[in-house]
Protein chains: 2
Amino acid sequence: MVTLADVARRAGVSKSTASRALSDGRVSAATREHVLRIAAELHYVASPAAVSLATGRTGTIGAIVPTFDTWYTSTLIRGLAHAALRHDFDLLLFELGEHGEHRDRAFDHFRRRRHVDAVFSANFALTRREVGALRDLGIPVGAIGGPTPGIRTWCLDDEAAGRLATQHLLDHGHTDILFAGGRPDEELAMYVAEDSRHAGYRAALRDAGITARAPRPLMPTVPAAKEAATAVLAAADRPRAVVAASDEIAMGFVLAARGAGVSVPGDVSIVGIDDHPHAAAFGLTTIRQRPAEQGRLLVDWLVGQIDEPSGERHHTGLLPELVERGSTGPA
Amino acid sequence: MVTLADVARRAGVSKSTASRALSDGRVSAATREHVLRIAAELHYVASPAAVSLATGRTGTIGAIVPTFDTWYTSTLIRGLAHAALRHDFDLLLFELGEHGEHRDRAFDHFRRRRHVDAVFSANFALTRREVGALRDLGIPVGAIGGPTPGIRTWCLDDEAAGRLATQHLLDHGHTDILFAGGRPDEELAMYVAEDSRHAGYRAALRDAGITARAPRPLMPTVPAAKEAATAVLAAADRPRAVVAASDEIAMGFVLAARGAGVSVPGDVSIVGIDDHPHAAAFGLTTIRQRPAEQGRLLVDWLVGQIDEPSGERHHTGLLPELVERGSTGPA
DNA sequence: CTGTTAGCGCCTTCAG
DNA sequence: CTGAAGGCGCTAACAG
């Protein structure tokens, strides 16, 4: 392997000069150019380990997410990866999974190794204790999630999203609107976004002077939603409209409706939240959020914080955006 | 930060003894236990950079994939991440994206940094040149993709999958079978799996003495497939059955069929390949593959190779598996 | 079994 | 502007 010493020797300068030439340091333009040329010829690449040991910087950002294989998290990670690359940072990935041994191990493993300069966290998947541990790492932490003491956070303004979706239905004259979503299992801190969306739904109805139905909790996956939706649509008190807490839930409803011969939006209007890539094929009216851009945003901020920490720890709500397609119609 | 020296001093031994106690080395049981206790008390964690510099090992595996946000790649990565964690390795991720500047940069960045002990590659997304560069890295390389000289590879036996899907239709008495899939854009090396699946389809028909239709190339996404399917199903020579090169394509067909009032499987039978998580909700008959297990397989192999390279460079085809649901029926 | 001695490759004072 | 020297934290011979 070619080292800095090789480059220095070949260039006829000292290691220090070579080092300076390769980075910012003050060197004469001539030597710099010369060293750079030699380095290129030799395909010199600095050893990350050595650089890290000498500087304390690792050049990598850690990302901690609940699972990779969902539209939201995988798209978010894509955004993180692109931005990290643009800033010349590497991205180290940790999947937490559900609570349990594996999860603890993953988290511990991540927390104890000091080889990241900053960490991105999908906070909505962490316990309070875990978030605290992250904060105490002493490096910049940026998270997707609700407001969290001591941590800079961002996320879709879920309440506004729920409100916007509901208002859209209200504008169409609907009054019998079901909210579908929210975990049946109270244990998990995950998916609290759904609670905020539900709150937005309730607020919109309250403002309109309309009574909300009892929500229909379900797991936020297409198959689970389809199953639940089949029951909902077969019931005597079938709602005329539904606000789905996510597009996957909305898709489950569309699938169930078609299977049951229920027309969308003729018999029931359905609005989702997310703008999942499949939403268009389902003709879904939805509230859009852009995970990839959220990832970019986070990494840009993190990289800035590595150089000069600002101490800012507030929360930023991202604006939702209505996308009208064919799944909603007049009451 | 607490270092090995701190532990050694506090334990009253030399750094080397402490180091040995913390790892495999020969030390008396008593000293080992003592050092271990002190280390735990002090929350000692070895500096990865220092270890790496001293040993030449980095404890991380690099993964290079075309994009994160597809079911296949994100599930694959989940498998990689789980297995890596189990072996106490970190996972460094690189997303290549489409060909172009960003892609070159990503690849170069990855190739030049020597901070991974082994690399996983989603070969199907790479050019021959890129694969060659990976091979020349001098570290173990394991890939998902077709047989590649000099590289250990695995992938679903796509030809067998295409054949199995087609045979299933043949068994139902179908003779008018369309193959939907294959990139309209010849440029990209990506998704060659579709070609093999198409080959399997043709082989099955040939064996049955049935003439194949001209395939319907399309982008492998739900929206694109739905659009293409709408045209296919409206045509005068609408096929009685279709082998979709992937479940996403199959879903596009199901959506299009429902939109056009075409009954599945009454008017047209549809079989997919992959067993995407949404497949069940679509009632899709499909050929299953298990990306997460593929990821695990790869990492297990890679970790073994890091310790003792075996030089094996062959290809392994993974067996496809028919999953019958409701989207296929008699001719 | 344990301590001493050298580095691993780079950056960074400190002189010149 | 440049060179020499020391150290980042750890492991790996080499003696004892």
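Each chain gets a letter, A, B and so on, in the order its sequence line appears, and its residues count up from 1. For the numbers below, each heavy atom of this structure counts, side chains included, while hydrogens, waters and symmetry mates do not.
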* Return the nearest nucleotide to the side chain of A/S28; candidates are D/dC1, D/dT11, C/dG9. => D/dC1

* To do: May I have the distance from B/L53 (atom CG) to C/dC10 (atom P), rounded to whole angstrom?
  => 9 Å

* Structure fact -> Side-chain atoms of B/A54 come closest, of C/dT2, D/dG9, C/dG9, to D/dG9

* To do: Return the value, rounded to whole Å, for the distance between atom CZ of B/R9 and atom P of D/dG9.
  => 11 Å

* To do: Tell me what B/L4 touches on the nucleic acid: a base, only sugar-phosphate, or nothing, going by heavy atoms under 4.0 Å.
  => base

* Nearest 0.5 Å please: distance from the CG atom of B/L297 over to the CD1 atom of B/I144. => 7.5 Å

* Ignoring hydrogens and angles, tell me if any N or O in the side chain of B/R32 forms a donor-acceptor pair with the backbone of B/A21 under 3.5 Å. => yes

* **Under 4.0 angstrom between A/T31 side-chain N/O and D/dT2 OP1 or OP2** => yes

* Asked: So, does A/D117 use its side chain to make a donor-acceptor pair with the main chain of A/I61 at under 3.5 Å?
  -> no

* Asked: Which ones in residues 11-18 of chain A lie close to DNA chain C, meaning a heavy atom under 4.0 Å from one of its atoms?
  -> A/K15, A/S16

* To do: Grab the NE2-P distance between B/H115 and C/dC10 for me, whole Å please.
  => 14 Å

* Asked: Just how far, in rounded Å, is P of C/dC1 from NE2 of B/H34?
  -> 18 Å

* Asked: Nearest of C/dC11, D/dC10, D/dA12 to any side-chain atom of B/Y44?
  -> D/dC10

* Asked: Which comes earlier along DNA chain C counting from the 5' end, the contact point of B/A50 or that of B/R32, where each point is its nearest nucleotide?
  -> B/R32

* What nucleic acid atoms does A/S23 come within less than 4.0 Å of, heavy atoms only: base, sugar-phosphate, or nothing? -> nothing

* Could you give the CZ-to-C1' distance, from B/R20 to D/dG9, as a whole number of Å? -> 16 Å

* Would you indicate whether B/R10, at its atom CZ, is surrounded by more than 12 heavy atoms from other residues, nucleotides or ligands within a distance under 6.0 Å? => no

* **Inter-residue atom distance A/L92.CG - B/L92.CG, 0.5 Å rounding** => 5.5 Å

* **Rounded interatomic separation in angstrom, taking CZ from A/R57 and P from C/dG9** => 23 Å

* Asked: Separation of A/L22 atom CG from D/dC1 atom P, in whole Å?
  -> 17 Å

* To do: Tell me which nucleotide among D/dC10, D/dC8, C/dC10 gets nearest to the side chain of B/V51.
  => D/dC10

* Nearest-0.5 Å distance that lies between atom CZ in B/R86 and atom NE2 in B/H82 -> 10.0 Å

* Asked: Any sub-3.5 Å donor-acceptor pair from B/E130's side-chain atoms to B/T127's backbone N or O?
  -> yes

